[in-house]
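In this text the structure is predicted, and so the values were computed from the model without any measurement. Chain A is the first sequence line, chain B the second, and so forth, proteins listed ahead of strands; every chain is numbered from 1.
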Amino acid sequence: MNYWLMKSEPDEASILDLQRAGTLPWTGVRNYQARNFMRDDMQLGDGVLFYHSSCPEPGIAGLAEVSSAAYTDATQFDPASPYFDAKSKPDTPRWVHVDVRWRETTRLLSLKEMREAPELASMRVLERGSRLSITPVTPAEWQAVLKRLHAA
DNA sequence: GCCAACGTTGGC
DNA sequence: GCCAACGTTGGC
């Protein structure tokens with residue numbers, strides 16, 4: 001069992017969108033490191049911290065879980081999609097993604113609060129210049145986040 | 001809108 | 001394989 005933090009712009013897909021849909025395909029990842037996490041390291045049932053980015057109040061907005069193995073991201077072959085990749089060929093797809101299932105919509109654990117919490121200081125997403133949209137979370141960090149989310 | 005940080009591209 | 005140029009991310 002692994003844990004992850006996954007960034008989403010709420011304008012595109014918010015935690016409430018996920019709650020309504022139940023499950024969403026995590027399409028649009030176009031970074032090799034993030035893709036490799038999904039392809040090589042994610043397992044069914046892995047815990048996901050759902051993070052809102054590029055918005056007025058960035059932070060963790062809910063909990064989710066990995067609900068599929070990695071499979072081909074169809075948007076890479078769609079010229080009308082913002083995620084279209086002309087260099088990716090259908091016989092050797094470059095981009096894959098997993099599905100993510102909603103678990104809980106929590107209070108917002110803001111980026112500010114995350115930075116101020118000593119027990120979260122080790123989180124990869126807080127590293128200087130970190131832009132990765134998917135980062136591993138340790139069991140200790142996961143527990144610490146849950147404790148904060150469910151407190152006051 | 002700014003800009004620091006980082007990833008990717010492509011010429012050599 | 002190097003590295004300059006360029007593009008993107010994402011907080012502020």
Q: Can you tell which of dT9(B), dG7(B), dC12(C) lies closest to the side chain of Lys87(A)?
A: dT9(B)
Q: Starting at CD of Glu57(A) and ending at C1' of dG10(C), how long is that distance when rounded to a whole Å?
A: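 The answer, rounded to whole Å, is 16 Å.
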Q: Please give, in whole Å, the distance from dT9(C) P to Asp11(A) CG?
A: 14 Å
Q: Nearest whole angstrom, please: distance from the P of dT9(C) to the CZ of Arg124(A).
A: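 In whole Å, dT9(C) P lies 18 Å from Arg124(A) CZ.
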Q: Using whole Å, what does the distance between atom P of nucleotide dT9(C) and atom CG of Leu132(A) come to?
A: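 Atom CG in Leu132(A) sits about 12 Å away from atom P in dT9(C).
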Q: Let me know the distance between CG of Asp85(A) and P of dT8(C), rounded to the nearest Å.
A: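 Atom CG in Asp85(A) sits about 13 Å away from atom P in dT8(C).
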Q: Think Tyr51(A) has a side-chain N or O under 4.0 angstrom from the OP1 or OP2 of dG11(C)?
A: yes
Q: Find the distance Met6(A):CE to dG10(C):P and express it as a whole number of Å.
A: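 Rounding to the nearest Å, CE of Met6(A) and P of dG10(C) are 13 Å apart.
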Q: Check this for me: does the side-chain of Arg131(A) come within 3.5 Å of the base of dT8(C) through a donor and an acceptor?
A: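 Check passes, donor-acceptor contact within cut-off.
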Q: Within the structure, does a side-chain N or O atom of Lys7(A) lie under 4.0 Å from either OP1 or OP2 of dG10(C)?
A: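 Looking at the OP1 and OP2 atoms of dG10(C), one of them is under 4.0 Å from a side-chain N or O of Lys7(A).
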Q: Look at all strands and tell whether Glu9(A) reaches a base, only sugar-phosphate, or nothing, counting heavy atoms closer than 4.0 Å.
A: nothing
Q: Distance check needed: dT9(B) P versus Asn31(A) CG, whole Å only.
A: 11 Å
Q: Under 3.5 Å, is there a donor-acceptor pair between the Arg30(A) and Ser88(A) side chains?
A: no
Q: So, Thr75(A) and Asp78(A): side-chain donor and acceptor under 3.5 Å apart, yes or no?
A: no
Q: Can you tell me how the ring of Trp142(A) sits relative to the ring of Tyr3(A), calling it parallel under 30°, perpendicular over 60° and tilted otherwise?
A: parallel
Q: Which residue lies toward the 5' end of DNA chain B, Gly129(A) or Arg94(A), if each is placed at its nearest nucleotide?
A: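 It is Gly129(A), whose closest nucleotide lies nearer the 5' terminus.
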Q: Test ring pair (Phe, Tyr, Trp, His ring centres under 6.0 Å) on Phe50(A) and Trp4(A) and set out the steps.
A: CA-CA 9 Å; Phe50(A) 193 106; Trp4(A) 308 94; over 10 Å; no
Q: If we count only N and O atoms by modelled type, under 3.5 Å, do the side chains of Tyr71(A) and Asp99(A) hold a donor and an acceptor together?
A: yes
Q: Can you tell me which nucleotide in dC12(C), dT8(B), dG10(C) comes closest to the side chain of Ser53(A)?
A: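 It is dG10(C).
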Q: Just the rounded figure in Å: distance from C1' of dG11(C) to CZ of Arg115(A).
A: 8 Å
